[in-house]
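The first residue in the sequence is number 1, and the count goes up from there.
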Amino acid sequence: MATTQRDYYEVLGVQRTAGEPEIKKAFRGLARSLHPDVSEEPNAEERFREVVEAYEVLSKRETRDLYDRYGHAGLRGGGFTPTSFDLGSLSDLFAAFFGDDLFGVSSRPRRARGGDVAAQIEIELAEAASGTKRKVPFPVTVPCSACRGNGAEPGTQPTTCPTCGGAGRLEHVSRTAFGEFIRSQTCARCGGSGRVVEHPCRECEGSGRVVEERTLEVEVPPGIHDGQQIRLSGEGHAGALGGRAGDLYVQVRIRPDPRFVRESNDIFSTVDLTMTQAALGTTVRVPTLDGETELEFEAGTQPGEIRILHGGGMPVLQGFGRGDQRVLVNVQVPRRLTEEQRTALEQFEQSAGDDTYRRDEGFFEKLKSAFR
């Protein structure tokens, strides 16, 4: 990742509200002017890589959403790493990003990038708080070991396509009163590869790739949110004709915890006190993300009161500090009474005065304070 950590929107010269066409247009213009093949600026290569990295983040919905919400730290926590590539020619770069050549026609067979792979894991809320590791199994296409990815039976080699001469495309020139028109299309015989496999490999049936089950250990960072993805670059499907592999995207789902409700980096929970416990005061154990802890409640604790455990919430993703845990007091009122209990309560009510039920802040005010 670029060390300058400049704002990606600033790098491309677009507004944060820019749409996909505007971002693509800005990248194409900057790439043409900064590519080391055409630029004479001393820092052209560094700036060019920065522009490519910015486009790679902003052109994909997942990484753009992550960047908009958490910045560079969020990208690191989400597993994003910029694509490693050989600068090569400017035409090759445009083919890799847009699937076309800079001038609309490819002069040689294209190394197609492999497809991305999606996987999903489930973790507990407590694991999301502490961070964890998970082994992720997934099916992926890899180069065939028998033919080493060229699709030909061992001992034989693919031959150059006689129809297109190895270009992978055919051009048809037509002359009109307005001049010459060139129409280019993929070679039907070789499918655009520029090669013909006369003796297909028996292991992969000539495709050059086979499917295998792979398992990778994925590190889940503390503070990750439900639905966020972790990207593992180059762990997806193998590319065609030696093209780079796609990426693996692991979506993290966090199982609901009946004890807590998460809101950003804060968590909310409740504690039940009996009517007498609230009136007389008590000490009870309440659950937290780090285990149980004792909370002391004074005599006269009212329903709806909020106890805040500072630093008891979720860690800030790839940052510092933690949110809070807010504990809402629920006072349980007895539903069934014996005659003796009813008599005792009636005697208490008769002896109670105005000072016994001193008015306090309203319930809704207490409830609102939980979200301040």
Side-chain angles (χ1 to χ4, degrees), residues 77 122-132 220-226 252-372:
E122 282 192 346
I123 62 175
E124 303 293 343
L125 182 63
E127 292 177 313
S130 62
T132 186
V220 181
I224 195 165
H225 292 257
D226 180 54
V252 179
R253 301 313 305 261
I254 302 176
R255 297 188 188 96
D257 192 316
R259 304 170 301 169
F260 308 109
V261 173
R262 180 179 183 179
E263 184 67 33
S264 185
N265 292 322
D266 291 337
I267 61 170
F268 298 80
S269 63
T270 61
V271 60
D272 292 330
L273 301 181
T274 65
M275 182 177 66
T276 52
Q277 284 177 323
L280 301 176
T282 186
T283 298
V284 298
R285 298 184 66 83
V286 297
T288 72
L289 291 174
D290 303 315
E292 290 191 342
T293 188
E294 287 191 345
L295 275 185
E296 184 177 347
F297 294 91
E298 297 178 353
T301 296
Q302 299 297 304
E305 283 191 11
I306 303 294
R307 296 292 299 273
I308 300 178
L309 304 180
H310 295 287
M314 297 293 291
V316 178
L317 182 64
Q318 292 297 312
F320 301 96
R322 295 178 61 165
D324 299 327
Q325 177 176 348
R326 298 174 184 267
V327 183
L328 175 67
V329 176
N330 175 46
V331 176
Q332 296 176 314
V333 178
R335 295 178 179 273
R336 296 180 178 86
L337 297 172
T338 65
E339 285 301 321
E340 182 180 356
Q341 291 169 337
R342 180 181 296 276
T343 300
L345 284 177
E346 289 175 348
Q347 292 175 350
F348 168 77
E349 184 63 23
Q350 291 173 1
S351 63
D354 293 339
D355 191 55
T356 305
Y357 296 101
R358 187 179 65 236
R359 295 184 64 84
D360 204 344
E361 62 175 328
F363 171 77
F364 291 105
E365 288 299 321
K366 296 176 185 176
L367 189 62
K368 286 191 293 183
S369 69
F371 301 94
R372 291 172 186 166

In Å and rounded to the nearest 0.5 Å, what is the CZ to CG distance from Arg285 to Leu295? 10.0 Å
Rounded to the nearest 0.5 Å, how far apart are CD of Glu305 and CG of Asn330? 12.5 Å
Would you say Arg259's side chain and Leu289's backbone share a donor-acceptor pair under 3.5 angstrom? no
Considering only heavy atoms from C-beta outward, does the side chain of Arg262 approach that of Ile254 to under 4.5 Å? yes
Note: Glu124-Arg255 ion pair, threshold 4.0 Å (strictly below): yes
How long is the span from the CE atom in Met314 to the CD1 atom in Ile224, to the nearest 0.5 Å? 9.5 Å
CD of Glu346: more than 12 outside heavy atoms within 6.0 angstrom? yes
Checking the side chain of Arg322 only, and the main-chain atoms of Asp324 only, is there a donor and an acceptor separated by less than 3.5 Å? no
To the nearest 0.5 angstrom, please state how far the CD atom of Glu127 sits from the CD atom of Glu122. 11.0 Å
Tell me, yes or no, whether the heavy-atom count around Glu292 atom CD, taken from other residues, nucleotides or ligands under 6.0 Å, exceeds 12. yes
Note, Phe268 side chain near Leu328 side chain (heavy atom, < 4.5 Å): no
Going by atom type alone, with no hydrogens or angles, which donor-acceptor pairs under 3.5 Å involve a side-chain atom of residues 273-280 and a protein atom two or more places apart or on another chain?
| from | atom 1 | to | atom 2 | distance (Å) |
| --- | --- | --- | --- | --- |
| Thr274 | OG1 | Thr276 | OG1 | 3.2 |
| Thr274 | OG1 | Gln277 | N | 3.1 |
| Thr274 | OG1 | Gln277 | OE1 | 3.4 |
| Gln277 | OE1 | Thr274 | N | 2.9 |

Within the supplied structure, the quantity of interest is the number of heavy atoms (other residues, nucleotides, ligands) at a distance under 6.0 Å from Arg253 CZ; does it exceed 12? yes
